[in-house]
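All remarks here apply to the structure that follows.
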Amino acid sequence: MILESAPSTLRSSVYEALFIHALDGVLITSADGRTLGANARACELLGRTELQLIELGRDGIVDRRDRRWREALETRAREGAFRGVFRLRRSDGSTFPAEVTTATFLDGDSPRAYVSFRDVSTAEAEAARAEATTRTAAEVIDSLESISDMYIGVDVDWRMTYINAQAEARLGVSR
């Protein structure tokens, strides 16, 4: 890796820049879950200052009702890293689904972890809407297939886009 052969001041400034300017929230923690540092995006997403996040530690940030965070800690302890989704808690008490990546590392002789996270509530909401649309479309098709009348759907150019089973049978055509 090129950065490994760079002077330590360059390495330090690159790592600092990655931490400060990350688009995701980033926390640096101790092995026991104390927050040692938080970037601006983490503060923004969690609605707290860096000092507040340091005072709270891990237990003040995760939604303790979401059992997946314990799985994350166990996986990270066993494998050195974890990636998954669980809920984090904002300062107002509301929670949000966060995609979390975390891994352990040594800072000199001290075990540390970084925790990188992003709010995925928009993606979760879009997935729910897509699922609802798919369900609604399936219900419409089921209804069209169950009626005793012929149904033929056409587009603006009068091309057939859908034909139900009754129309197919009565007209003697194949879909």
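Computed from heavy atoms alone, side chains included, the values below leave out hydrogens, waters and symmetry copies. Here the structure is a predicted model, which means the values were calculated and not measured.
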Is there a side-chain contact between M150 and L171 (heavy atoms, below 4.5 Å)?
yes
With rounding to the nearest 0.5 Å, note down the distance linking CG in L46 to CG in L56.
9.0 Å
Is there a donor-acceptor contact under 3.5 Å from the side chain of E168 to the main chain of S174?
no
With rounding to the nearest 0.5 Å, note down the distance linking CD in E74 to CZ in F82.
10.5 Å
Can you tell whether the side chains of D63 and R89 come within less than 4.0 Å, N to carboxylate O?
no
Distance, nearest 0.5 Å, that separates CG of D119 from CG of D24:
10.5 Å
Within a 6.0 Å radius of atom CG on D109, are there more than 12 heavy atoms belonging to other residues, nucleotides or ligands?
no
Are any non-hydrogen side-chain atoms of Q166 and D149 less than 4.5 angstrom apart?
no
Taking the side chain as everything from C-beta on, heavy atoms only, tell me whether V115 gets closer than 4.5 Å to V100.
yes
Count the heavy atoms of every other residue, nucleotide or ligand shown that sit under 6.0 Å from CZ of R78, and state whether that count exceeds 12.
yes
Is R68 paired with D66 through a side-chain N to carboxylate O contact shorter than 4.0 Å?
yes
Do V85 and L45 sit in one hydrophobic cluster, given that two such residues count as connected whenever their side-chain heavy atoms are within less than 4.5 Å of each other, even indirectly?
no
Looking at side-chain heavy atoms only, is the closest gap between L88 and V62 below 4.5 Å?
yes
Contact between T35 and I54 at the side-chain level, heavy atoms closer than 4.5 Å - yes or no?
yes
Smallest separation among heavy atoms of N39 and A42, with atom names
OD1-N, 2.8 Å
With a sphere of 6.0 Å drawn around CZ of R83, does it hold more than 12 non-hydrogen atoms of other residues, nucleotides or ligands?
no
Tightest non-hydrogen contact, residues T75 and A81, listed as CG2-O, 3.6 Å
Between the CZ atom in R67 and the CD atom in E71, the distance rounded to the nearest 0.5 Å is 13.0 Å
Shortest non-hydrogen contact between F86 and A72, atoms and distance:
CE2-CB, 3.7 Å
Between R48 and S91, is the side chain to side chain donor-acceptor pair (under 3.5 Å) condition met? List the steps.
CA-CA 6 Å; R48 298 182 186 273; S91 61; 5.3 Å; no
Indicate if M160 and W158 have the same hydrophobic cluster label, given that clusters are the connected sets of ILVMFWY residues with side-chain heavy-atom separations under 4.5 angstrom.
yes
If we ignore hydrogens and angles and just use 3.5 Å, is the side chain of E145 paired with the main-chain N or O of A165 as donor and acceptor?
yes
Give a yes or no on whether I152 and V173 share a hydrophobic cluster (residues Ile, Leu, Val, Met, Phe, Trp, Tyr; joining criterion: side-chain heavy atoms under 4.5 Å apart).
yes
R34 atom CZ, neighbour heavy-atom count above 12 within 6.0 Å
no
To the nearest 0.5 Å, how far apart are OH in Y114 and CG in D107?
15.0 Å
Between T95 and R90 the two heavy atoms that sit nearest each other are O-NH1, 3.7 Å
Does L23 CG have over 12 foreign heavy atoms under 6.0 Å away?
no
Going by heavy atoms in the side chains, are W69 and D59 under 4.5 Å from each other?
yes
Mind running side chain to side chain contact (heavy atoms under 4.5 Å, CB included) on I61 and L27 for me, showing each step along the way?
CA-CA 11 Å; I61 297 168; L27 304 171; 4.0 Å; yes
Taking R76's backbone N and O only, do any of them form a donor-acceptor pair with E79's side chain (distance below 3.5 Å, no angle check)?
no
Co-membership, hydrophobic cluster, residues L51 and F19, 4.5 Å side-chain
no
Do D155 and Y162 touch side chain to side chain, with heavy atoms closer than 4.5 Å?
no
Any chance you could measure T29, atom OG1, to R58, atom CZ, to the nearest 0.5 Å?
7.0 Å
N164/I147 under side chain to side chain contact (heavy atoms under 4.5 Å, CB included): CA gap, chis, key distance, verdict:
CA-CA 9 Å; N164 73 351; I147 61 175; 3.8 Å; yes
Go through the steps for C43 and L53 under the test side chain to side chain contact (heavy atoms under 4.5 Å, CB included), then give the verdict.
CA-CA 8 Å; C43 295; L53 292 173; 4.0 Å; yes
